Amino acid sequence: MHEIRFHNTLGGKIEAFAPQNGNEVRMYTCGPTVYDYAHIGNYRTFVFQDILRRFLKLRGFKMKHVMNLTDVDDRIIANSAAAGVSIRDYTEKYAQAFFDDCKTLSIESPEHWIRATDHIDDMVRLIERLQEKTYTYPSEGSIYYRIAKFPHYGRLSNIDVAGIQAGARVDVDRYEKESARDFALWKAPKPGEHFWETPIGKGRPGWHIECSAMAMKYLGETLDIHTGGIDLAFPHHENEIAQSEGATGKTFVRYWMHAEHLLVEGEKMSKSLGNFFTLRDLFAKGYKPSALRFALASVPYRKQLNFTFDGLQQAASSVERLRNFAARLAQRKFPAGKQKGMAARIAEAAEEFDAGLSDDLNTARALAAAFDLLRETNIAMDKGDFRQGDVAAAQEFLANFDRIFAVMEDNDAEKLRALGFGAADSGPSDAEIDKLVADRQAARQRRDFAESDRIRKELAVRGILIEDSKDGSVRWKRK
RNA sequence: GGCGCGGUCGCCAAGUGGUAAGGCAAAGGUCUGCAAAACCUUUAUCGGCGGUUCGAUUCCGCCUCGCGCCUCCA
C-alpha cells in the first residue's frame, strides 16, 4: 500500500491525502446541468470522479459522496418556457438520461443525488448568513456578493482580481454591480420568469450558491474533496469558496481536484465544429460502452484527452484482450500445484497497480502493471508452466483491477439494449449457439471441414465468434 | 495581454539526471484442418537552440507549435 497523493488545484501541488475524520471521505462533485444530453466531455470528468471514488473505496475508505443536478439556470428557464412546460418536467427527461448514461458507463452512484431546486431554502439561509456578515449588497432586486470583502479571492485559480476589468466582460444580466467581478447570489425574476417567494425576496438562486449550500448541508463546513472539470475552477469554484468561507470562516475544501478537458481530434469539442458527441451518438455508430469507458479512463485525468474514433477502436481492442485473458484463466485446466515465483509476481503486479493509482490516479501506469502481468502469465500458460494453484490469485488481481476500471464484464450488448440500441436483433440464444457449436464439433469429428466452416460462418454473421483450443474445447463469444 | 497545460515510436500514452513502461496498429514467425485466441521477433534517443553537469528526454533559459481558462461551459 502506497501513500495516496493527489494534485490539489489549491496550491497547484501534489500532496499526501488523508480525510479529515478517520476513515470517511466526504466528497462533492459538481454534476451536470440538465438542460440537454450530457456529452462525452462531461463523461470524461464523471469517469475520473468515479475512478477516484472507486480507488478510495478499494483502499478501504468509506465514501460520503454527493453529486448535484443543476436543474435551474438561464438555459433551463429559457428552454422550459419555450417548451411550455415546468422546470421540473423539462429537466426530468435529461436527468433520467444522465442516470441512464452513468449506468451505461458503469459510473457508480454517489451516496447522495441532490437537485438544486430541492434546496432553495438552504441557499436562502446561506445568503442570509452572508448578509449578516455584510458580504452582500442588493441591487435592483438581486443580491450580489462583494468580492472586495473576501481577501482570499482568486487563490484557487491563481487569478488576480485586479486583472478583471470592469466592462471587459459581457454580462448578460446587466444588473448594477459595485464591481465587475462581483457575482449574483440571488437573481431578481425577469418578467414572466419562474421565481421563488422567499424571505430575501422573489427570484431564483445564482449559479454558485447551490453548490456551497448543498455541499455544506450534506458534508459539513469543511469537505475533504471537491471535484469538477477544470473550467469550473474559475469562476464557479472560486465563488463557492468565497461564499462558503465568507459565511463560516472555515476552510471550505481541503483538496480540489479538477479534470482536464477532452478534445476531439485535437480541437475543442463544440456544436459548431460538428465534433460534438453524446453517448448516444457513439452507440448509434456501433461503439461499445466498455470501449468508451476504457478510453476515458486510460488517460490520466490531468492530461487533456484527445478523443478520436481510432482511439476508441484501440480501447475496444484493449478491453477485448483483457477479457480474453480472463476467459483463458477461467476456462483452461492447468496442472495442479503452484508455479514457483508466480504468487510473488502477482503480488508485485498488485503493488505496482496500487502504486500507479496512488500516484495521483495515474491510470496509465496502473494499466501497464496489469498488462505486464497479463503478458507474462500468457507466456507461462503457453509454456505450460502456469498452475491451477495460481488461478485464484490471478483472478483476484483482475477483480481488483475491475473494481477500478469496470470493463471486464461482457455486458455491452445488454447495456445498449437497455438504452434502445440494437434491440431489433439480440442475436441467437445461448442454447441455440451451444447447439450449433455441438453440430460443428460433430462435423469436425468426422473431418467434414466444409460443414464445420459453414456453421462457423453462419455464427459469425450473427455476431458469434468461435475459438477452438488445443485440448478440443470450444469457446464462443459475442462480438 | 494575464494564468495554466502539453509537444516521447504510425496512433494512444507512462517515465527517469546515467542512453525510454504499457496499449493499439503493422510486418514476419510459432500453434491450428482452416480460422480465432495466445505467444515470439522487429519498429523511438524523447519539438528546436543554448546552458548547468562526467552525463539531460528528465534541471535552467530562450524559441516554436498545439490546447485550455480569463465570459456560460465537464
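A note on names: the letters A, B, ... follow the listed sequences, proteins ahead of strands, and every chain is numbered from 1. Remember, predicted model here, so these are calculated numbers, not experimental data.
The P atoms of B/rG48 and B/rC65 are separated by 15 Å, rounded to the nearest whole Å. Comparing the C1' positions of B/rU58 and B/rU16 gives a spacing of 6 Å, expressed to the nearest Å. Rounded to the nearest Å, the gap between the P atom of B/rC62 and that of B/rC3 is 13 Å. Distance check on atom P: B/rA36 versus B/rG28 gives 13 Å, rounded to whole Å. Taking atom P in both B/rU57 and B/rG18, the straight-line distance is 11 Å, to the nearest Å. On the P atoms, B/rG4 is 24 Å away from B/rA74, given to the nearest whole Å. B/rC39 and B/rG22 have their P atoms separated by 13 Å, given to the nearest Å. As rounded to the nearest Å, B/rC59 and B/rG7 have P atoms that lie 12 Å from one another.
The base of B/rG23 lies close enough to the side chain of A/Gln314 for a donor and an acceptor atom to sit less than 3.5 Å apart. A donor-acceptor contact under 3.5 Å links the side chain of A/Asp468 to the base of B/rC34.
Taking 4.0 angstrom as the limit, A/Asn306 places none of its side-chain polar atoms (N or O) nearer than this to OP1 or OP2 of B/rC67. Side-chain nitrogen and oxygen atoms of A/Lys303 include none within less than 4.0 Å of the OP1 or OP2 phosphate oxygen of B/rC12. Note on A/Lys268: a side-chain N or O is less than 4.0 Å away from OP1 or OP2 of B/rC69. The shortest distance between the side-chain N/O atoms of A/Ser317 and the OP1/OP2 oxygens of B/rA25 is below 4.0 Å. An OP1 or OP2 oxygen of B/rG23 is reached within less than 4.0 angstrom by a side-chain nitrogen or oxygen of A/Arg321. Here A/Arg375 reaches the OP1 or OP2 of B/rG22: one of its side-chain N or O atoms lies under 4.0 Å away. In terms of phosphate contacts, A/Arg75 brings no side-chain nitrogen or oxygen within less than 4.0 Å of OP1 or OP2 of B/rC72. Between A/Asn378 and B/rC39 there is a side-chain polar atom (N or O) within less than 4.0 angstrom of OP1 or OP2.
Residue contacts shown for A/Gly12 are absent, as no nucleic acid heavy atom lies under 4.0 Å away. Counting non-hydrogen atoms under 4.0 angstrom, A/Ala364 reaches a base of the nucleic acid. Contacts of A/Pro32 with the nucleic acid, taken as non-hydrogen atoms under 4.0 Å apart, are absent. In this structure, A/Ile466 reaches the bases: a heavy-atom distance under 4.0 Å links it to at least one base atom across the strands shown. Residue A/Asn158 is classed as a sugar-phosphate contact, given heavy-atom separations below 4.0 Å to backbone atoms only. As judged by a 4.0 angstrom heavy-atom cut-off over every strand, A/Arg456 is placed among the base-contacting residues. Using a 4.0 Å heavy-atom cutoff across all strands shown, A/Arg444 reaches at least one base atom of the nucleic acid. Across all strands, A/Gly228 comes closer than 4.0 Å only to sugar-phosphate atoms, never to a base (heavy-atom distances). Note on A/Leu305: nothing from the nucleic acid sits closer than 4.0 angstrom, heavy atoms only. Within the nucleic acid shown, A/Arg440 comes within 4.0 Å of at least one base atom, counting heavy atoms only. When heavy atoms are screened at a 4.0 angstrom cut-off, A/His39 is found touching base atoms of the nucleic acid. As judged by a 4.0 angstrom heavy-atom cut-off over every strand, A/Ser452 is placed among the base-contacting residues.
With a 3.5 Å ceiling on both atom-pair distances, B/rU71 lacks any Watson-Crick or G-U wobble partner. Of all nucleotides present, only B/rG48 satisfies the Watson-Crick or G-U wobble test against B/rC62, with each distance under 3.5 Å. Nucleotide B/rU53 forms no Watson-Crick or G-U wobble pair with any nucleotide shown, as no partner meets the under 3.5 Å limit on both distances. Nucleotide B/rU16: unpaired (no Watson-Crick or G-U wobble partner with both distances less than 3.5 Å). B/rU41 and B/rA27 make up a base pair, with Watson-Crick or G-U wobble contacts both under 3.5 Å. Within the shown strands, nothing qualifies as a pairing partner of B/rC9 under the Watson-Crick or G-U definition with both distances less than 3.5 Å.
When ring centroids are compared, A/His119 and A/Tyr218 come within the 6.0 Å threshold. Aromatic rings from A/Phe183 and A/Tyr145 are positioned such that their centres are separated by under 6.0 Å. Here the two rings, on A/Phe309 and A/Phe277, have centers that are under 6.0 Å apart.
You cannot call A/His261 stacked on the base of B/rG68; the centres under 5.5 Å and planes under 30° rule is not satisfied. Once the 5.5 Å centre distance and the 30° plane angle are applied, the aromatic ring of A/Phe371 is found not to be stacked with the base of B/rG22.
The nearest heavy atom of RNA chain B to A/Asp310 and to A/Glu320 marks one nucleotide each, and the one closer to the 5' end goes with A/Asp310. Residues A/Tyr35 and A/Leu374 both approach RNA chain B. Their nearest nucleotides, taken by heavy-atom distance, put A/Leu374 toward the 5′ side.
Rounding to whole angstrom units, CG of residue A/Leu156 and P of B/rC69 are separated by 16 Å. If you take CZ of A/Phe294 and P of B/rC11, they are 19 Å apart, rounded to a whole angstrom. Per the geometry, CZ belonging to A/Arg328 stands 13 Å off P belonging to B/rA37, to the nearest Å. We find that CG of A/Leu263 is positioned 16 Å from C1' of B/rC11, with the value rounded to whole Å. Between A/Lys177 atom NZ and B/rU71 atom P the separation is 10 Å, expressed in whole Å. Atom CG of A/Asp359 is separated from atom P of B/rA21 by 18 Å (rounded to the nearest Å). A/Glu352 has its CD atom 10 Å from the C1' atom of B/rA14, to the nearest Å. The distance from atom CD1 of A/Ile230 to atom C1' of B/rG68 is 8 Å, rounded to the nearest whole Å.
Closest to the side chain of A/Asp453, out of B/rC39, B/rG33, B/rG22, is B/rG33. For A/Asp372, the side-chain atoms get nearest to B/rA21 when compared with the rest of B/rG66, B/rC40, B/rA21. Out of B/rA38, B/rG33, B/rA14, the shortest distance to the side chain of A/Arg447 is found at B/rG33. The A/Pro235 side chain lies nearest to B/rC72 when the options are B/rA74, B/rC72, B/rG33. Each of B/rA36, B/rG68, B/rC12 was ranked by its minimum atom distance to the side chain of A/Val299; first place goes to B/rC12.
For A/Glu396, the CD atom sits in a loose shell: 12 or fewer heavy atoms of surrounding residues, nucleotides or ligands are nearer than 6.0 Å.
Between the side chain of A/Asp182 and the backbone N or O of A/Ile147, at least one donor-acceptor pair lies under 3.5 Å. A distance-only check finds a donor-acceptor pair linking the side chain of A/Ser80 to the backbone of A/Ile77 [under 3.5 Å].
Side-chain contact, A/Tyr255 with A/Asp224: no donor N or O sits under 3.5 Å from an acceptor N or O.
Nearest heavy-atom pair across A/Arg204 and A/His194 is CD-O, 4.4 Å.
Under the 4.0 Å criterion applied to side-chain N and carboxylate O atoms, A/Arg440 and A/Asp468 are assigned as salt-bridge partners. Between A/Arg328 and A/Glu467, no side-chain nitrogen of the basic residue sits less than 4.0 Å from a carboxylate oxygen of the acidic one, so the salt-bridge criterion is not met.
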